[in-house]
Amino acid sequence: MATKAQKDSSFEFIATIPGEIAYFNVDNLNNIYFITNTNQLRKIRGNGDSVAVFNDVKRYGIPAFIDVTNPLKILVYYKSFSTAVVLDKLLNIRNTINFRKQDIFSVKAIATSYDNNIWLFDEQDYKLKKIDEQGAPLQETTDWRMLFDSVPSPLKIIDQDNFVYLYDPEKGFYIFDYYGAFKNRLPFLNWNNVEVSGKTMYGFIDNKLYTYELSSLNLKEYKLPKFFGDFLAIKAMNGKVYILNEHGIDIYQVK
């Protein structure tokens, strides 16, 4: 692991994961998943130890995103093909789901559910739906046009601690319970790279990190230090900030 001399009162450097990386994500166990410039999907532990490699990541083109909500079940989502490839914890293929075969044609956001099924938001039916690994429907919410005056278009779904969070940067977070009942809305607008880890929400706006504690309702703002540089991507998770640059991924503890 590399070390750095730069310090900031709010961010403490931990390590660098070196490499030419095109995309990355982090799960709640601090495992890091990234796509290399040679089109491999790799999984490593937070200390840099390699866990697994998936060599067929471009099976349906370039993935829109990789959902790692559940470290035992990874979803590689190809939006252009309305198709998700389901991988196990060692990145072996478990299944492939074509949503179009289930008459679901417009999906921006999917996530693994707490019970190893899949949440998705159907943009045509305006419903949050849960399907099993074969694509069969399990449950769905009321049509959102009946719930809200202005219908959100969520870009992110997160299943965390008995709730499902859907985020639309123009309208904020919409929170549902596991039965599909609407519970609350938090109007945090224009956040990027949102995440929910434990009882903390994370999001970025320009050069600032925001954290919101769900238990205390405490909203904090952190200005990102200049030594983060011109990063390619950024993510906050598990009390850490991950910075993707041309040399790899730098990891910082948020203090």
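One-based numbering along the sequence shown.
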Step by step, would you call L189 with E170 a side chain to side chain contact (heavy atoms under 4.5 Å, CB included)? CA-CA 6 Å; L189 307 184; E170 296 184 359; over 6 Å; no

Where does the angle between the aromatic ring planes of F99 and Y77 fall among parallel (under 30°), tilted (30 to 60°) and perpendicular (over 60°)? tilted

Look at the side chain of T16 and the backbone N and O of P18, then say whether any donor-acceptor pair between them is shorter than 3.5 Å. no

D88 side chain to L90 backbone, donor-acceptor under 3.5 Å: yes

ILVMFWY cluster, [X] and [Y] together (side-chain gap under 4.5 Å):
| X | Y | result |
| --- | --- | --- |
| F163 | W191 | yes |
| L87 | Y33 | yes |
| V51 | L91 | no |
| I158 | F188 | yes |
| F81 | L41 | yes |

Contacts of Y78 meeting ring-ring contact (aromatic ring centres under 6.0 Å, His included) (sequence neighbours excluded), chain-then-number -> Y60

If you measure only the distance, is there a donor-acceptor pair under 3.5 Å linking the side chains of [X] and [Y]?
| X | Y | result |
| --- | --- | --- |
| K108 | S153 | yes |
| Y202 | E195 | no |
| N207 | K223 | no |
| Q40 | N55 | yes |

Consider ring pair (Phe, Tyr, Trp, His ring centres under 6.0 Å). Of F176, F173, Y165, which one does F182 pass it with? F176

Can you list every pair that meets ring-ring contact (aromatic ring centres under 6.0 Å, His included) and has a residue in residues 102-128, with sequence neighbours left out? Y114-Y178, F121-W144

Pairwise side-chain contact, R185 with K171, heavy-atom cut-off 4.5 Å (strictly under): yes

Hey, do the aromatic rings of Y167 and Y174 have their centres closer than 6.0 Å? no

Compute the ring centroids of F228 and F11, then answer whether they are less than 6.0 Å apart. yes

Less than 4.0 angstrom from a charged side-chain N to a carboxylate O is my criterion; do [X] and [Y] meet it?
| X | Y | value |
| --- | --- | --- |
| D168 | K156 | no |
| D143 | R145 | yes |
| E213 | K220 | no |

For the CD atom on Q253, are there more than 12 heavy atoms of other groups (residues, nucleotides or ligands in this structure) within a distance under 6.0 Å? yes

Under 6.0 Å from the CD atom of Q124, do we count more than 12 heavy atoms belonging to anything else shown? yes

For a quick test of reading the model, state the closest non-hydrogen atom pair linking [X] to [Y] and the distance between them.
| X | Y | value |
| --- | --- | --- |
| S50 | R42 | OG-NH2, 3.6 Å |
| A84 | I110 | CB-CD1, 4.0 Å |
| S82 | R100 | OG-NE, 3.5 Å |

Please determine which of T96, I97, V57, L75 meets the side-chain contact (heavy atoms from CB on, under 4.5 Å) test together with V85. T96

Which one of I243, I32, V26 satisfies the side-chain contact (heavy atoms from CB on, under 4.5 Å) criterion with I249? I32

Trace of the side chain to side chain contact (heavy atoms under 4.5 Å, CB included) decision for L224 with K208: CA-CA 5 Å; L224 301 183; K208 294 178 180 178; 5.7 Å; no

When you look at F13 and D250, which way does the side chain to side chain contact (heavy atoms under 4.5 Å, CB included) test go after all the steps? CA-CA 8 Å; F13 176 76; D250 293 334; 4.3 Å; yes

With a cut-off of 3.5 Å and sequence neighbours excluded, list every side-chain donor-acceptor pair involving residues 62-70.
unit_1: D67; atom_1: OD1; unit_2: T69; atom_2: OG1; d: 2.7
unit_1: D67; atom_1: OD2; unit_2: T69; atom_2: N; d: 3.4
unit_1: D67; atom_1: OD2; unit_2: T69; atom_2: OG1; d: 3.1
unit_1: D67; atom_1: OD2; unit_2: T112; atom_2: N; d: 3.0
unit_1: D67; atom_1: OD2; unit_2: T112; atom_2: OG1; d: 3.4
unit_1: N70; atom_1: OD1; unit_2: L72; atom_2: N; d: 2.8
unit_1: N70; atom_1: ND2; unit_2: N116; atom_2: OD1; d: 2.6

So among D27, N28, N30, which one has a side chain to side chain donor-acceptor pair (under 3.5 Å) with N238? N30

